[in-house]
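Proteins get letters first, then strands, A, B, ... in listed order; numbering begins at 1 in each.
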Protein chains: 2
Amino acid sequence: MVKAQLIEAQDRFIASWGRMGSVWGISRTMAEVHALLYITGQPMCTDEIMDRLRVSRGNVSMSVRSLLEWAVIEKVRLPGDRKEYFQAEQDVWSMLRAIARERIKREVDPLLDALDEIGELAPQVGSHSPEDVVALQRRLDGVREGFGLITTLTHKFAGPRGAGLQTAAKLLAKAPVGRSTKHLKSRKGARP
Amino acid sequence: MVKAQLIEAQDRFIASWGRMGSVWGISRTMAEVHALLYITGQPMCTDEIMDRLRVSRGNVSMSVRSLLEWAVIEKVRLPGDRKEYFQAEQDVWSMLRAIARERIKREVDPLLDALDEIGELAPQVGSHSPEDVVALQRRLDGVREGFGLITTLTHKFAGPRGAGLQTAAKLLAKAPVGRSTKHLKSRKGARP
DNA sequence: TACTATTTTCAGATTTTTCTGAAATCTCAT
DNA sequence: ATGAGATTTCAGAAAAATCTGAAAATAGTA
């Protein structure tokens, strides 16, 4: 029975994606709901999701709301049905862009804001500053520069009007680095 | 008193970095220890870290071990002192490379392994495959392709023998994307 | 409007993660 | 080899995150 194998494979995908979710700092259920909608490609309603993942209505409601904020799923209305259905973005690159955008927003932007504040609050560098102060400001600037560049690039390539992650990836993949890449682990079954 | 302001600024940096740690899925203390060592630039021993961050000896021991695995701090021995001291990598780009490497290892590699397994376990596409099966394999391949590229690029630019994140960043920053970047939020006090 | 299917909210329960502290282990100078 | 100082380990405590379920709010239809 092919159907059973199909469900089994979907469930495994859902489990893997869910496990990754925890590493990312998003809840397991939220990741699982996304995985379910992505891997089946079907619009599903709250009850279908609850049944398939064995989680409560409240949990589905909260997970779905977050996923809508992340913009990796959208609401769909089926005519003649009062329920709301949800469908995942099917294009992988759009999905990755959305994830990159949201992660930067959550992980990097708050840090940059804090760095600006700290830099102002800290003693300013003047002509007779003690070495301590100079070093502190230098280190703050270092971090700001690094993460600032990451944010800028993310906006450039993954932002709502960005050039696209695929573009960035191609640029980088082609770039000559003048080193052997033989050490890269080749994956079984990888497509060319 | 400049000293007090200095400590205050350091503490704020430590708190921000620690808060980010939780979003990243690493423990707050681990991030705080790293922040402390980075922002002071000083080699510090276990007791100094305990006192400054108000955490237990065991917690410092475990955090330090993880940071050593991440390769963002290293052990230093001061002559004539029996204690071990720890010092953070001071170059921001090296630090970011180490973080990128470790996060890919923890977040992406396990997913890729799982995807390979699932692809094999799932029904294979043949000439008469039902649409379901074709769609499943197509979606699995999509995810594999996206994350596979991310891993490859990370190895290329952030790996132990990689070309360096700075190189990648420069390549991307220069790349013409043919769009306005005016929408990018400019940060107060940003250095040129 | 009134009715009811559907969704949201959130206090408390459950689960997971992190932290502590003291015992066990290690290590190095003598 | 010995022992004082330093580090690691890990069981249980504490804290944080997640989840449930039912009541409250909302939205669609007649």
Worksheet, complete the sentence: Rounded to whole Å, the CG-C1' distance (B:Asn59 to D:dG12) equals 15 Å
Worksheet, complete the sentence: note: A:Ile49, atom CD1; D:dT20, atom P; distance rounded to Å ~ 14 Å
Discussion item. Checking contacts here: which listed nucleotide (C:dT6, C:dT27, C:dT9) is nearest the side-chain heavy atoms of A:Ser61?
Written reply: C:dT9
Worksheet item: C:dG21 base to B:Arg57 side chain: any donor-acceptor pair below 3.5 Å?
Response: no
Worksheet item: CZ of A:Arg77 versus C1' of C:dT7: gap in Å, rounded?
Response: 11 Å
Fill in: Check: B:Gly25 main-chain N/O paired with B:Arg106 side-chain donor or acceptor under 3.5 Å
yes
Worksheet entry | Whole-Å distance separating the CG atom of B:Asp47 from the P atom of C:dG21 | 14 Å
Worksheet entry | Full working for side chain to side chain contact (heavy atoms under 4.5 Å, CB included) between A:Trp17 and A:Leu36 | CA-CA 9 Å; A:Trp17 197 259; A:Leu36 172 61; over 6 Å; no
Discussion item. Nearest heavy atom decides the nucleotide; on that basis, is A:Ser22 or A:Thr46 closer to the 5' end of DNA chain C?
Written reply: A:Thr46
Worksheet item: Taking the side chain of B:Ser27 as heavy atoms from C-beta outward, which of C:dT18, D:dT9, D:dT20 is closest to it?
Response: C:dT18
Worksheet entry | Out of D:dC19, C:dT7, C:dC19, whichever nucleotide has its closest atom nearest the side chain of A:Arg28 | D:dC19
Discussion item. Nearest whole Å is fine: how far is D:dT20 C1' from A:Leu53 CG?
Written reply: 15 Å
Practice prompt. Among the candidates C:dC19, D:dT8, C:dA29, find the nucleotide nearest to the side-chain atoms of B:Thr29.
Written response: C:dC19
Discussion item. Starting the side chain at C-beta, find the nucleotide from C:dC19, D:dT20, D:dT7 nearest to B:Ser56.
Written reply: C:dC19
Practice prompt. Give the rounded distance in Å between these two atoms: CD1 of B:Ile26 and C1' of C:dC19.
Written response: 16 Å
Worksheet entry | Validation row: A:Trp70, A:Ile99 side chains within 4.5 angstrom (heavy atoms) | yes
Worksheet item: To the nearest Å, how far apart are B:Lys83 NZ and D:dT8 P?
Response: 14 Å
Item to complete: For B:Lys75 and C:dT27, give me the distance from atom NZ to atom C1', rounded to whole Å.
Response: 11 Å
Discussion item. Reading DNA chain C from 5' onward, which residue's closest nucleotide shows up sooner: A:Asp81 or B:Met62?
Written reply: A:Asp81
Discussion item. For C:dA29, does the base pair up with any side-chain atom of B:Arg82 as donor and acceptor (N or O, under 3.5 Å, distance only)?
Written reply: no
Worksheet item: Are A:Val134 and B:Phe13 connected in the hydrophobic side-chain network, where two residues link if heavy atoms are under 4.5 Å apart?
Response: yes
Worksheet, complete the sentence: When every non-hydrogen atom of B:Ala9 is compared with those of A:Ala122, the smallest separation belongs to CB-CB, 3.6 Å
